[in-house]
Amino acid sequence: MIIVLKPDASKEQITLFKESLKDKYNVSVNTWIGVESTVLGLIGDTTQVDEDWVNAQEVVENIKRVQEPYKKANRKFHPDNTVIELPTGQKIGDGNLCIMAGPCSVENEEQINYVAQRVKAAGASFLRGGAFKPRTSPYSFQGLKSEGLDLLKGARKVTGLPIVTEIMRVAHIDMFEGVDIIQVGARNMQNFELLKELGKIDKPILLKRGLANTIEEWLMSAEYIMAGGNNKVILCERGIRTYETATRNTLDLSAVPVIKKLSHLPVIVDPSHATGKSWLVPQMAMAAVASGADGLMIEVHNDPKHALSDGAQSLTPDQFDDVAKKVFALKKAYDEIMK
Ligand code: PEP
Ligand code: MN
């Protein structure tokens, strides 16, 4: 971190400021005295340095970070890829293409069991399904809640597929005990109290990118979970808000290689929420594979026209069969090319 001091800062003020930096943050400080102003270079772990505090000091003109503000999620401090392994053996981030598929919302037993069987047969290794739904309108279907969680567990029993489902409240963490991967949705990416509590549990967390968040903010949210001791974080790119209206969101596929460069955490792509249109899902799923993603999350519904949420972006099981075939074939070719 570089701190430029004001031209009129006195020698005494500079000495005092340097001492307080050393005491507060346990860093060493290099000093360059220029003609116009003095510049300080902080050396050591600057992740703890509070930029607001530094900026608020009278002697400070401006500051610039030269190191990322996240540490546990940073590849610099953890060069090897993180591989997340479930007690049931499924791995995410080990080079395989993992597919999480299922309906936006769990609607009833017949629906979830049928979709679970179909996505498993097509090659998905996780069943997704929302029990608590974050809907824009309070009058839209809000999910089956705890009954939905029970239905997901039932579908897991039938198929053996581990389940991924979204949490919205800290108070629900105990209720999610039997869930295999807890999803934090885009709307809660910066629910810091929720992230802190999820940092205390020993369960993989699927952290979706916020609707309008930068990659750095997303990694800082991962850092919140990891700072609490839970290193099992999977990132999910699901499209961001832009001025484009032809699609529900804009799928930022460059986020995948950027994340891979900056972080060791696995990253998957959700082309369903990114596009909002089922006809766009196959092409974007394939593009996600070519971007180097560790997996995909795809919405599949037995009867999209009558789905209680996100029907327009949901694939039928038959369409999913076709996409799964294509993405696995593409992944094989991709691995060959990238060897
Ligand atoms: C979902 O996965 O159903 C969902 C609500 O996703 P997102 O948080 O990405 O909108
Ligand atoms: Mn959805």
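Just follow the structure's listing: the first ligand is 1, and inside any ligand the first atom is 1. Starting from 1, each residue takes its place in the sequence as its number. The structure displayed is predicted, hence computed values, not measured ones.
For ligand 1, the polar-atom distance check against A186 finds a nitrogen or oxygen pair separated by under 3.5 Å. Of the polar atoms of H273, at least one N or O is found under 3.5 Å from an N or O of ligand 1, judged by distance alone. Looking at ligand 1, you won't find any N or O of D270 less than 3.5 Å from one of its N or O atoms.
Closest heavy-atom approach to atom 7 (P) of ligand 1 within the set K208, Q313, R209, R248: this belongs to K208. Comparing heavy-atom distances from atom 5 (C) of ligand 1 across M189, E166, M168 singles out E166 as nearest.
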As a quick check of understanding, evaluate salt bridge (charged side-chain N to carboxylate O under 4.0 Å, His left out) for D252 and R209, giving each step before the final call. CA-CA 10 Å; D252 179 13; R209 182 176 181 178; 2.8 Å; yes
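The distance from ligand 1 to the heavy atoms of R238 drops below 4.0 Å at these ligand atoms: 7 (P), 9 (O), 10 (O). Taking every heavy atom of E299 and a limit of under 4.0 angstrom, the matching atoms of ligand 1 come to 3 (O). Listed by atom number, the atoms of ligand 1 under 4.0 Å from G185 heavy atoms are 8 (O).
Of all protein atoms, those that are N, O or S and lie under 2.8 Å from the Mn ion (ligand 2) total 4.
The pair K6-E61 does not count as a salt bridge, with every side-chain nitrogen at least 4.0 angstrom from each carboxylate oxygen. We find that D50 and K24 are not joined by a salt bridge, their nearest charged nitrogen and carboxylate oxygen being 4.0 Å or further apart. In summary, D335 and K331 engage in a salt bridge, as defined by a charged side-chain N under 4.0 Å from a carboxylate O. A salt bridge links R156 with D180: at least one charged nitrogen is closer than 4.0 Å to a carboxylate oxygen. Here R128 pairs with E299 in a salt bridge; the nearest charged N to carboxylate O distance falls below 4.0 Å. Taking 4.0 Å as the cut-off between side-chain N and carboxylate O, D202 and K232 count as a salt-bridged pair. Under the 4.0 Å criterion applied to side-chain N and carboxylate O atoms, K260 and D294 are assigned as salt-bridge partners.
A cation-pi arrangement is present between K71 and F77 under the rule of less than 6.0 angstrom and at most 45 degrees off the ring axis.
Between H172 and F132, the two ring planes are tilted [angle within 30° to 60°].
Ranking protein heavy atoms by distance to atom 2 (O) of ligand 1, first place goes to R128 NH1, 2.6 Å.
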